[in-house]
A.B. asks: 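The structure is given below, and queries will be raised subsequently.
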Amino acid sequence: MGGVGRMGHTPLPGIGVRYDLVTRERRRLSVIAHLDGSRTLNVYRGDDPDDTAVCLKLNAEEADTVVDALLPSHHSPNLLATAELGLVAERIELPSTSYWNGRLLGDTRMRTETGVSVVAVLRRAEAIPSPGPDFRLAGGDTLIVIGTREGVGVAAGVLGRE
């Protein structure tokens, strides 16, 4: 993974995504974002990913509460407090093996079929905000989506289809 303060992520097919971070105090931690919205927070003793000092399992509501404590929504009235509205914002990685690799975003019928909106696509070092229906998807893209937790889960399944 890179240097201090850099976040790396690893797709865990059928489970979710693991995010890894090394703090400036050289503490290594990971967060597993499960498809059901729950989170597992692991803090490691050293560099060995099998030497877990703390493993904390949080349901979706508990995870939202921790996020709010780390980044209070009341600090900026312009931030959307999605949890209070029953919405979640998630990253979904498009695998290179996906049926949708090379196809148009509009053809996925994402909003119609799942109620989920794609608000941005991250591709390499570039962010594409508000991609339209004629946007061509590519394997390795990370889609930033907003919707209900159930809708986001369905969207991840649609995008992962081979």
Side-chain angles (χ1 to χ4, degrees), residues 1-98 101 110 116-131 137-160:
M1 192 179 79
V4 172
R6 302 267 322 218
M7 179 78 72
H9 72 281
T10 305
L12 303 173
I15 297 170
V17 178
R18 186 185 73 222
Y19 298 92
D20 296 292
L21 175 73
V22 177
T23 69
R24 75 170 183 272
E25 295 175 340
R26 301 273 183 217
R27 295 296 308 258
R28 183 177 296 271
L29 60 97
S30 70
V31 175
I32 299 173
H34 299 273
L35 295 175
D36 68 0
S38 66
R39 300 291 190 263
T40 303
L41 172 65
N42 295 305
V43 180
Y44 304 98
R45 287 190 174 84
D47 283 340
D48 183 355
D50 293 324
D51 192 8
T52 306
V54 176
C55 177
L56 184 62
K57 295 180 183 343
L58 303 169
N59 66 27
E61 185 178 351
E62 294 164 336
D64 288 342
T65 301
V66 170
V67 167
D68 190 52
L70 292 171
L71 182 66
S73 58
H74 61 269
H75 280 189
S76 172
N78 295 327
L79 288 179
L80 176 64
T82 56
E84 295 170 16
L85 301 174
L87 299 174
V88 296
E90 292 281 348
R91 295 171 180 243
I92 301 175
E93 186 163 337
L94 186 75
S96 59
T97 56
S98 172
N101 184 1
M110 189 66 53
V116 168
S117 294
V118 178
V119 296
V121 174
L122 308 179
R123 180 176 288 167
R124 296 182 205 82
E126 182 183 6
I128 299 106
S130 303
L137 297 167
D141 283 354
T142 299
L143 285 70
I144 308 298
V145 301
I146 293 181
T148 64
R149 190 163 309 287
E150 180 183 354
V152 168
V154 172
V158 167
L159 292 169

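Bear in mind the structure is a predicted one, so any value in this text is a computation, not a measurement.
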A.B. asks: Taking the side chain from Ser98 and the backbone from Leu159, do they hold a donor-acceptor pair closer than 3.5 Å?
C.D. replies: yes

A.B. asks: Are there over 12 heavy-atom neighbours, none belonging to Glu62, within less than 6.0 Å of that residue's CD?
C.D. replies: yes

A.B. asks: Closest approach of Val145 and Val116, non-hydrogen atoms and distance?
C.D. replies: CB-CG1, 3.4 Å

A.B. asks: When you compare the side chain of Val54 with that of Leu41, does any pair of heavy atoms fall below 4.5 Å?
C.D. replies: no

A.B. asks: Can you tell me how far apart CD1 (Ile144) and CD1 (Ile128) are? Round to the nearest 0.5 Å.
C.D. replies: 11.0 Å

A.B. asks: Does the side-chain contact (heavy atoms from CB on, under 4.5 Å) test come out yes or no for His34 and Ile15, once each step is laid out?
C.D. replies: CA-CA 5 Å; His34 299 273; Ile15 297 170; 3.7 Å; yes

A.B. asks: Taking all atoms of both residues into account, what is the closest heavy-atom pair of Arg39 and Ala63, and its distance?
C.D. replies: CG-CB, 3.5 Å

A.B. asks: Enter the distance from Asp141:CG to Leu122:CG here, rounded to the nearest 0.5 Å.
C.D. replies: 8.5 Å

A.B. asks: After noting the C-alpha distance and the side-chain angles of Leu143 and Leu137, does the key distance pass the side-chain contact (heavy atoms from CB on, under 4.5 Å) rule?
C.D. replies: CA-CA 9 Å; Leu143 285 70; Leu137 297 167; 4.2 Å; yes

A.B. asks: Search all heavy atoms of Ala156 against all heavy atoms of Leu35 and return the closest pair with its distance.
C.D. replies: CB-CD2, 4.5 Å

A.B. asks: For the CZ atom of Arg18 and the CD1 atom of Ile32, what is their distance to the nearest 0.5 Å?
C.D. replies: 7.0 Å

A.B. asks: Nearest 0.5 angstrom please: His9 NE2 to Asp20 CG, how far?
C.D. replies: 10.5 Å

A.B. asks: Side-chain contact test, heavy atoms from C-beta onward, threshold under 4.5 Å: evaluate it for Leu21 versus Val31 and give yes or no.
C.D. replies: no

A.B. asks: Do Arg149 and Glu90 have side-chain heavy atoms sitting under 4.5 Å apart?
C.D. replies: yes

A.B. asks: How close do Ile146 and Ala89 get, counting heavy atoms only, and between which atoms?
C.D. replies: CG1-CB, 3.9 Å

A.B. asks: From Asn42 CG over to Ser30 OG, what is the distance, rounded to the nearest 0.5 angstrom?
C.D. replies: 4.0 Å

A.B. asks: Do you know the tightest heavy-atom contact between Pro13 and Pro11?
C.D. replies: CD-O, 3.5 Å

A.B. asks: Taking all atoms of both residues into account, what is the closest heavy-atom pair of Pro95 and Glu93, and its distance?
C.D. replies: CD-O, 3.2 Å

A.B. asks: Val118 versus Met110: any side-chain heavy-atom pair under 4.5 Å?
C.D. replies: yes

